[in-house]
Amino acid sequence: MIHPTPRVRFAPSPTGYLHVGGLRTALYNYLFAKKNNGTFILRIEDTDRNRYVEGAVENLITTLKWIGLNYDEGPDNSGEYSPYYQSQRLNIYKEYANVLLTQKNAYRCFCTAERLTQLREAQQKEKHQAKYDKHCLNLTQEEIDNKLETDTPFVVRLNVPEKKTIKFDDVVRQHIEFSSDTVDDQILIKSDGYPTYHLANVVDDHLMKITHVIRGEEWLPSTPKHVLLYDFFGWERPVFAHLPLLLNPDKSKLSKRQGDVAVEDYRGKGYLKESLINFVALLGWNAGDDREFYYLNELEEHFSLERVNKSGAVFNVEKLNWLNFEHLRQKPVSEVLLMLKEELSKTKFGKNVYTDNYLIQVIDAMRERVSFVKEYAEKSPYFFEAPEEYDTDIIKKRWKDDSPALLKKLADNISEFQANASKDDFEHALHKTAEEAGVGAGKLIHPVRLAASGMGVGPGVYDLLVVLGKDEVVKRINTAIEKIKI
RNA sequence: GGCCCCAUCGUCUAGUGGUUAGGACAUAGCCCUUUCACGGCUGUAACAGGGGUUCAAAUCCCCUUGGGGUCACCA
């Protein structure tokens with residue numbers, strides 16, 4: 001047994017931001033750890049110097065923390081197995097590469113880029129898989145020594161045995177077999193001395209006592225290489241679980257070209273962390289029932305690797321939007337209030353001052369009508385500023401010749417109110433006005449909505465009026481009577 | 001192209017030999033509401049195809065087809 005309790009890791013390459021596919025992988029690792037009293041580890045796979053991005057790690061950590069996936073061990077909290085940056089573990093990899101070299105399970109390759117390219121092109125012409133021809137495996141010790149003495153650049157390659165069947169088990173896909181003849185002599189140490197992913201991840205997973213490797217399906221074809229390494233070192237293999245891919249609408253692997261893929265993009269658009277987590281959790285996993293609404297702590301309770309699906313899942317923004325709506329409406333007003341204030345400060349209404357009490361009324365009125373906090377300002381700007389103009393279609397439809405006169409009477413009646421008039425007061429006033437004029441309530445309801453909001457849609461008209469308040473309503477009615485011409 | 005993985009409504013999925021194939025999002029209609037939403041009800045909509053195994057296959061096996069991933073001194 002590698003470790004008595006599960007130890008899992010999320011091991012991203014710091015390329016700049018957290019990809020939603022990465023989020024799903026991180027989440028499943030996290031959930032598996034939580035469910036099984038295990039340890040969740042963040043390890044930074046930064047062995048490619050060419051892809052170094054300034055601030056990428058910080059950004060990754062910020063996003064992970066924002067969304068609530070806290071790790072037990074990682075770069076910024078000294079764990080037992082530190083360092084958690086692969087770039088800081090270079091001599092460890094070198095040491096283990098030497099073990100393989102001594103065993104003859106790896107060998108130095110001095111081939112030039114040109115030779116490799118030629119080889120590859122020739123193989124492609126034959127319609128075969130590009131594969132190294134083990135040319136340098138046949139170098140004599142003398143030849144090798146000469147090359148080393150003259151500082152000829154070299155890489156270290158995995159010596160994949162011929163005609164062997166490489167077998168391994170996967171929690172998601174059960175049993176998988178590869179013929180070793182289809183496995184390339186993978187480079188383990190690059191000529192710059194840095195390891196490739198394949199060596200580094202195996203060595204680190206072993207050293208960090210990782211019990212379960214939970215990662216994306218794109219790693220499946222290279223897993224035989226990893227399995228070979230475990231076997232060569234004589235190490236116990238972790239349990240593998242290859243997760244189905246997250247897909248674009250056209251079913252290809254989720255990519256930047258077809259929409260947003262960075263978690264921070266979604267955050268920026270106003271998606272709640274709760275809905276992001278909930279949504280992504282359900283892309284490839286379900287508890288076996290009809291439940292679709294979960295909080296993170298509930299997922300921790302219900303998650304199991306065994307119920308992860310095999311096939312890829314399209315990232316369907318429509319459903320994400322629905323979940324955002326559901327999560328937003330579950331939030332206590334106090335929390336929505338905070339978010340609304342934050343949001344308003346970013347709009348043209350930011351300079352205005354609204355009391356908490358007022359904003360709470362706005363929230364109550366709009367609750368069932370918004371999926372995003374920013375929609376409070378977008379869908380009901382009239383709560384934050386009097387309308388500048390009036391929807392022309394609604395004017396055409398609802399503003400009649402008698403509207404100004406009727407509204408004037410309504411405004412007169414409303415003027416009689418106490419300052420703290422209730423919703424019922426507005427309703428009574430409207431019906432009374434209609435009755436006295438001998439018209440239906442609709443002759444007043446629609447024009448007064450238009451006058452007060454400039455729009456034809458919104459909360460119930462009495463909710464709208466009571467939130468705005470007596471004085472403001474009267475003022476807006478008078479303005480509308482002046483401004484609206486048919 | 002080689003290798004590997006996958007296959008239930010448009011999408012996410014339930015289903016583990018016997019179901020009128022269920023739910024959710026989306027979509028259409030109706031109800032509620034003199035608005036819009038919410039809510040409620042209803043509808044359209046799926047087992048890729050072909051062979052087996054079996055009294056019985058969405059469920060098990062094989063083939064075909066389709067889709068995807070991967071074949072770097074990237075991860």
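Fair warning: this is a prediction, and the values are worked out from it, not measured in the lab. The sequence lines fix the lettering, A, B, ..., with proteins before strands; numbering per chain opens at 1.
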Study note, to complete from the structure: Residue set satisfying salt bridge (charged side-chain N to carboxylate O under 4.0 Å, His left out) with A:Arg108, at least two apart, ordered chain then number -> none
Review point. Base, sugar-phosphate, or nothing: which does A:Phe178 touch, judged by heavy atoms less than 4.0 Å apart?
Key: sugar-phosphate
Revision key, fill the gap. Whole-Å distance, A:Glu217 CD to B:rC3 P, equals 17 Å
Review point. Touch check for A:Thr47, heavy atoms < 4.0 angstrom, all strands: base, sugar-phosphate only, or nothing?
Key: sugar-phosphate
Check your understanding: In B/S/- notation, 5' to 3', how is nucleotides 31-44 of chain B contacted by protein heavy atoms closer than 4.0 Å?
Key -> ---BBBBSS-----
**Study point:** Nucleotide B:rG69, atom P - distance to CZ of A:Arg173 in whole Å
**Key:** 13 Å
Check your understanding: At under 4.0 Å between heavy atoms, what does A:Thr196 touch on the DNA or RNA strands: base, sugar-phosphate, or nothing?
Key -> sugar-phosphate
Practice item. Side chain of A:Asp290 only, please: which of B:rG69, B:rU13, B:rG22 is the nearest? Key: B:rG22
Study note, to complete from the structure: In numerical order, the residues of residues 309-320 of chain A whose heavy atoms come under 4.0 Å of RNA chain B are A:Asn309, A:Lys310, A:Ser311, A:Gly312, A:Ala313, A:Val314, A:Asn316, A:Glu318, A:Lys319
Exercise for review: Using the six-membered ring of A:Tyr294, assess whether NZ or CZ of A:Arg291 lies under 6.0 Å from its centre and within 45 degrees of the ring axis.
Suggested key: yes
Protein-nucleotides 16-20 of chain B N/O pairs closer than 3.5 Å?
none

Check your understanding: Between the side chains of A:Asp424 and A:Tyr462, is a donor N or O closer than 3.5 angstrom to an acceptor N or O?
Key -> no
Review point. Between the base of B:rC73 and the side chain of A:Ser191, is there any donor-acceptor pair under 3.5 Å?
Key: yes
Review point. Which comes earlier along RNA chain B counting from the 5' end, the contact point of A:Asp48 or that of A:Asp289, where each point is its nearest nucleotide?
Key: A:Asp289
Exercise for review: Take nucleotides 58-66 of chain B nucleotide by nucleotide from the 5' end and write B, S or -, depending on whether a protein heavy atom sits under 4.0 Å from the base, only from the sugar-phosphate, or from neither.
Suggested key: ---------
Revision key, fill the gap. Taken in chain and number order and not counting sequence neighbours, the residues that satisfy side-chain hydrogen bond (donor to acceptor under 3.5 Å, both in side chains) with A:Asn309 are none
Revision key, fill the gap. Side-chain contact check for A:Lys127: nearest option of B:rA75, B:rG23, B:rG1 is B:rG1
Exercise for review: Please work out which of the three classes, parallel, tilted or perpendicular, describes the rings of A:Tyr295 and A:His327, given edges at 30° and 60°.
Suggested key: perpendicular
Check your understanding: A:Arg291 near the nucleic acid: base, sugar-phosphate alone, or nothing, with a heavy-atom cut-off under 4.0 Å?
Key -> nothing
Check your understanding: Between atom CD1 in A:Ile189 and atom P in B:rC73, what is the gap in whole Å?
Key -> 14 Å
